[in-house]
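Structure first, commentary second.
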Amino acid sequence: MKAGPTLDPWKDVLGVDVAPERLHENLGAYRDILAEIVKLRSLDLTDVPPAVIFEPTAPYRLKGKR
């Protein structure tokens with residue numbers, strides 16, 4: 001059985017043509033960011049309210065009080 005051409009996901013799937021050494025640098029740079037994202041996703045924030053609450057009607061309610 002003959003193997004087909006090797007799939008390069010960066011080029012064939014994403015359309016990004018990156019030199020191997022540059023790709024290695026990019027993956028190294030993003031490794032730390034991805035580790036922090038994993039930490040954030042593991043936090044249980046069910047009982048923590050958001051820091052900012054979006055209230056689209058607030059400007060209209062406050063308009064008559066000024």
Side-chain angles (χ1 to χ4, degrees):
M1 179 187 248
K2 185 177 179 181
T6 304
L7 178 68
D8 179 3
W10 303 105
K11 187 174 182 180
D12 300 332
V13 176
L14 298 175
V16 179
D17 191 14
V18 181
E21 52 280 346
R22 182 70 180 160
L23 179 61
H24 183 70
E25 287 178 29
N26 289 350
L27 291 175
Y30 286 105
R31 187 171 289 119
D32 294 335
I33 295 170
L34 292 174
E36 294 301 317
I37 290 172
V38 168
K39 288 181 193 176
L40 289 172
R41 287 184 176 161
S42 70
L43 295 175
D44 180 15
L45 301 176
T46 53
D47 294 327
V48 179
V52 176
I53 299 173
F54 178 67
E55 175 55 77
T57 63
Y60 301 105
R61 286 186 290 110
L62 297 175
K63 190 175 185 179
K65 295 182 180 181
R66 291 184 187 171

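Considering every non-hydrogen atom in both V18 and L23, the closest pair reads CG1-N, 3.4 Å.
Follow the hydrophobic side-chain contacts under 4.5 Å out from I33 and you never reach V38; the two are in separate clusters. Residues L27 and V16 fall within the same hydrophobic cluster, defined by Ile, Leu, Val, Met, Phe, Trp and Tyr side chains chained together at heavy-atom separations under 4.5 Å.
The one candidate from D44, L43, V48 that meets the side-chain contact (heavy atoms from CB on, under 4.5 Å) condition with T46 is D44.
Note: K39 NZ to L34 CG = 12.5 Å, rounded to the nearest 0.5 Å.
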